[in-house]
Every structure is written in structure tokens, then in C-alpha cells.
Amino acid sequence: MNLPLLLAAAPLALANSVQDPYPFRLQFEPGEVLRYRETVTSSGTMTFGGQSESVTMTGGRIQVMNVGHVDPDGYATMKVSFEDVKANAKITKAPSNVSAADRNKAEQGLTEQLKAELQSGSRTQTVSPRGVTTYRFEAGPNRFIEIVNGTFLMLVLPESPPVMNQNWFVDVTQADPNSGAPIKVNYKLVGASMIGDLKAYKVALYAQKTEQQTDGDTKGTTVIIIRGFVNLTLETGKVLGGEITTDITQTLTRGNMSQRQNRVTVQKFDKI
């Protein structure tokens, strides 16, 4: 008696199992100020001629985005600056012949280097509702450097609303006038959780690139791996935070000599 009813209900159950797309869209308001607290932890090692050195660095800053014009299609122009910049470096391993004074001097230099990195990057930028960003840096009186196909806090959404566990690929450039060629990033919508009273959707990302250079008899290889995630909401169209790990390994060889450097940097950011 119940069999026909079960068969009749089967198409409805199958229809309900199809995933709904998530119409993500970044939303900005003219005059709003977005603030993100960032922390950075970096560890590096270098080996050369049988000797090795290791260093750890920590830092932090607040990234401030002052939104100006927002056009009818949702493209926002904003100024990006940084506040409350802090940095510290510690050499955890050094060759035995390095004096304490030289070690302290090197730590001070590394601290200033990290602080300069965290203070750099002030710019204006235009951000699309997908997160595709054009950066504009001042390069002197009446001179600017413009970089296209950037990201908004390392996020670029797909052209069409994604479904859960969907992958999409984007060639992106870094917010750095000295950065190299674009890198292809694999994005994937992987889940959701509550952050405060907002439902946050997690977009995971991964990218890897190998670059090679030759100068005379010196050969260099650089391997860059970027991985992490960004959390955003459907309700407000805001990025709530994320974590990005960048792993860079550089190898230089000349004859029988080789030098290898590795630096792993973890950047965490949260909307405040």
C-alpha cells in the first residue's frame, strides 16, 4: 500500500538534494571605514657552506580602508593605510663565530626591515563586487604605478554564484610594485560557521609557482606556496577575517656552492 507513495516522493527528494548557489557579493558604502587587525609571524632559515642561521619575527598592524565613491554597479574606490605598526625579530641560531654585538645589530636590522614591510603598501584601490582589485601606488610627483587583477584581502569570488565544495581558478597579482608575474590561485567554498552573530562562509585558497633565473654561472630557483582561507558573509557582504600562509624557498647555486633560504609567514586578520 505504501510503495507507490514512496516512489512518488522520490523525485522530490532528489530535487531537494541539489545544492543551492550562494550569491556572494562584496558590498561597500560611501564614507564607511573598514578596519582589520593583522598579526604576522615569520620564521626563516638560511644555509650556506655548511653553516646555518635561523630567525623568527613577529609583527602587527591595523589596516584601514576609507571607502570613497561607490558606483551603481558596486565598484568601490578606497584609500588603504596602516596604523599601530609593531615589529620584533629574534635570531634563534647563528654561526658560532658571530659575536653578541653583531647578533644584536642584526636583530635590530631585521626588526626595522619587518617594520618597513608592514608600513609599506599605502595606496588607493578600486574593488569590484567580486573582489577583483586595481591597486594604485604613488611613485613620485605626478607619477603612479597601477597594478590590475589584484585581490581584496586575498579574495576573488567566481563570476557566477558558487555551490558548496566548488573550485574556481583566478590569476592574481600581489599588492606590491616589486611583485613578479601573476600567480594562479585555486579557490574553493568549503563550509560555514558562526563568527559572533553572523554566519561566515569559508573560502579556502591554494597557489604554487616556481620561478627560475640565470645570471652567468649562477642559477636561482624560487618556489612560492600560498595557502589559507578567507571568511565572508552573505548578510552584509563583508570579509570578516582570514589566515594566509606564504612559504618561499630560494636556492642559489654556483659551481659546487649552494645557498638556500626559506621563509614561512603566517598572516592573520580580523575585522574590528
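- For Lys209, the NZ atom counts as densely surrounded, since its 6.0 Å shell holds more than 12 non-hydrogen atoms of other residues, nucleotides or ligands.
- When side chains are defined from C-beta on, Val172 counts as touching Ile183, because their heavy atoms get closer than 4.5 Å.
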Side-chain donor-acceptor pairs under 3.5 Å in residues 32-41, sequence neighbours left out?
from	atom 1	to	atom 2	distance (Å)
Glu32	OE1	Lys238	NZ	3.0
Glu32	OE2	Glu29	N	2.7
Glu32	OE2	Lys238	NZ	2.8
Arg35	NH2	Glu83	OE1	3.1
Tyr36	OH	Val239	O	2.8
Glu38	OE1	Arg61	NE	3.1
Glu38	OE1	Arg61	NH2	3.2
Glu38	OE1	Gln267	NE2	2.7
Glu38	OE2	Gln63	NE2	2.4

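- Using a 30° and 60° split on the angle between ring planes, Phe152 and Phe28 fall in the perpendicular class, above 60°.
- Side-chain atoms of Glu138 and Phe144, non-hydrogen and from C-beta on, do get closer than 4.5 Å to each other.
- Sorted by first and then second residue, the side-chain hydrogen bond (donor to acceptor under 3.5 Å, both in side chains) pairs with a member in residues 89-100 read Ser52-Lys93, Ser99-Asp102; sequence neighbours excluded.
- The side chain to side chain contact (heavy atoms under 4.5 Å, CB included) test with Leu232 singles out one residue from Leu240, Leu153, Leu155, Leu198, and that residue is Leu155.
- Relative ring orientation between Tyr135 and Phe137 is described as tilted, the plane-to-plane angle lying within the 30° to 60° band.
- More than 12 heavy atoms of other residues, nucleotides or ligands shown are found within 6.0 angstrom of CZ on Arg103.
- Shortest non-hydrogen contact noted between Phe82 and Ser120 is CE1-O, 3.3 Å.
- Using a 4.5 Å heavy-atom cutoff, the side chains of Leu234 and Pro23 are in contact.
- Enclosure of atom OH in Tyr75 is not indicated, since only 12 or fewer non-hydrogen atoms of other residues, nucleotides or ligands lie within 6.0 angstrom.
- Put simply, the side chain of Met65 does not reach to within 4.5 Å of the side chain of Val127, judged on heavy atoms.
- Using a 4.5 Å heavy-atom cutoff, the side chains of Asp84 and Lys86 are in contact.
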Using side chain to side chain donor-acceptor pair (under 3.5 Å), reason through Thr249 and Asn262 one step at a time and then give a plain yes or no. CA-CA 4 Å; Thr249 301; Asn262 175 253; 2.7 Å; yes
Stepwise side chain to side chain contact (heavy atoms under 4.5 Å, CB included) test for Met257 and Phe48: CA-CA 8 Å; Met257 300 295 292; Phe48 178 75; 3.8 Å; yes
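- Using a 4.5 Å heavy-atom threshold, the side chains of Glu53 and Pro95 count as touching.
- Arg227 approaches Tyr206 most closely through the heavy-atom pair CB-CD1, 3.9 Å.
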